[in-house]
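To start, the structure under review is shown below, and the notes come after it.
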Amino acid sequence: MPGRSSVQGAPGVAGVPALSDMRVTRVAAERVAVPLAAPFEVALGVIDTADTVVVRLETDAGLVGYGEGAGVTFVTGETSESVLGAIRLLEPVVVGQSPFAIDHVHRGMDQALVGHGSAKAALDLALYDLMGQAAGLPLFRFLGGVAGRVEIDHTIGLADPAAMAARAAELVAEGYRELKVKAGADDAQDRAAIAAIRAAAPAARLKVDANQGWTPRQAVLLADEYAKHGVAAIEQPVPHWDRAGLAWVRSHSPIPVMADESCFTPHDAADLVSLGAVDAINIKLMKCGGIYPALQIDAIAEAAGVTTMVGCMLESRLAIAAGAHLAAARPNVKDADLDSFRDFDDTSLVRSAFAFTPPVIALTEAPGLGVDLAW
Ligand code: MG
């Protein structure tokens with residue numbers, strides 16, 4: 001594998017362009033099955049791996065950049081096959097370009113293909129990896145940040161309330177201070193779960209994610225209940241298409257409202273803030289198409305007095321590192337929900353990325369994403 005931190009194309013070497021002049025020469029992409037740390041059982045059987053797509057961009061200066069595209073069918077409408085197909089379609093937009101021409105590349109990608117945020121994110125992440133390496137800076141510094149430490153929360157999945165409370169106690173014992181609680185399947189269970197979790201984790205900052213599971217009226221009634229337990233925010237209470245409903249919930253809810261599935265692109269963010277529909281936005285690199293549109297969403301939000309969270313899909317430490325660099329770089333990012341890597345055993349793909357001591361991701365000073373891949 002080519003060196004990740006060594007600069008092979010120093011200026012003045014005959015036949016090798018300066019890093020500022022480098023061009024992408026090749027796009028390699030591959031589907032990788034990442035084993036889950038512990039298999040889990042669902043109605044259709046036992047899931048023991050998660051598919052993701054890794055991208056390697058090679059350049060004429062000798063630098064190599066890595067990215068990841070992890071689509072989730074029920075959120076982004078993408079599969080690993082569709083991500084691979086989209087990357088092949090977008091390849092001509094990227095090959096021959098300077099990684100620094102990021103605006104031009106994104107315009108080209110959006111003209112060539114609507115949507116497909118995970119495929120675009122895979123290419124975008126690799127371009128930012130290259131830019132950071134060429135600058136000799138870890139990505140969070142390249143993006144303007146000063147400290148590479150990010151506190152993350154951990155998600156508690158839907159289960160019976162006693163099991164959810166037991167998980168909350170475990171996570172607090174591990175060191176987590178913020179917990180994200182899944183809800184939205186059954187009102188009575190949601191009420192029982194939050195009471196049990198609050199009793200098990202009295203000092204934790206709690207957020208509740210309904211994943212579009214409520215009507216607007218249901219959301220406000222439940223928010224009144226959640227307020228009694230000191231819940232800090234409710235995420236995506238209503239269906240993604242119901243922006244008027246989201247705005248209604250925000251104006252009637254005693255606790256802040258965050259959009260997730262309602263906000264994919266910078267256009268969505270502009271629409272949501274102009275409707276007064278949100279207090280916060282969950283930015284995911286796989287929804288929006290990478291760091292470049294994520295920065296736009298964060299800027300739109302910040303200008304409107306709306307905070308952001310950086311969330312994730314089923315991503316390995318490669319894309320999680322990118323999310324952490326973004327979160328570390330931007331002061332308006334107030335929350336980081338970057339916990340998916342904890343469910344994976346991705347060591348066959350990612351040799352090293354960042355240090356993690358719950359609840360803090362500590363990014364390295366290696367240039368770019370700082371991720372060493374076994375690929
Ligand atoms: Mg969510």
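All values below come from the heavy atoms of this structure, side chains included, with hydrogens, waters and symmetry mates left out. Both counts, for ligands and for their atoms, begin at 1 and track the order of listing.
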Calculate, to the nearest 0.5 Å, the distance between atoms [atom1] and [atom2] belonging to [X] and [Y] respectively.
X	Y	atom1	atom2	value
Cys312	Ile283	SG	CD1	13.5 Å
Lys228	Ile255	NZ	CD1	11.5 Å
Glu174	His154	CD	NE2	7.0 Å

Practice task
Mind checking ring pair (Phe, Tyr, Trp, His ring centres under 6.0 Å) for Phe100 and listing every partner two or more places apart, or none if nothing turns up?
Solution key: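 Phe100 satisfies ring pair (Phe, Tyr, Trp, His ring centres under 6.0 Å) with no other residue.
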Handout entry: Verdict with supporting geometry, Asp153 and Arg205, salt bridge (Lys or Arg N to Asp or Glu O under 4.0 Å)
Key = CA-CA 9 Å; Asp153 65 24; Arg205 183 168 178 266; over 6 Å; no
Exercise for the section: Answer with yes or no whether the side chains of Glu315 and Thr52 bring together a donor and an acceptor at under 3.5 Å. Expected result: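 Their side chains do not contain a donor-acceptor pair, so the 3.5 Å distance test is not met.
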Practice task
Tell me the protein N, O or S atoms under 2.8 Å from the Mg ion (ligand 1), in chain and number order.
Solution key: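 Metal shell, protein only: Asp209 OD2, Glu235 OE2, Asp260 OD2.
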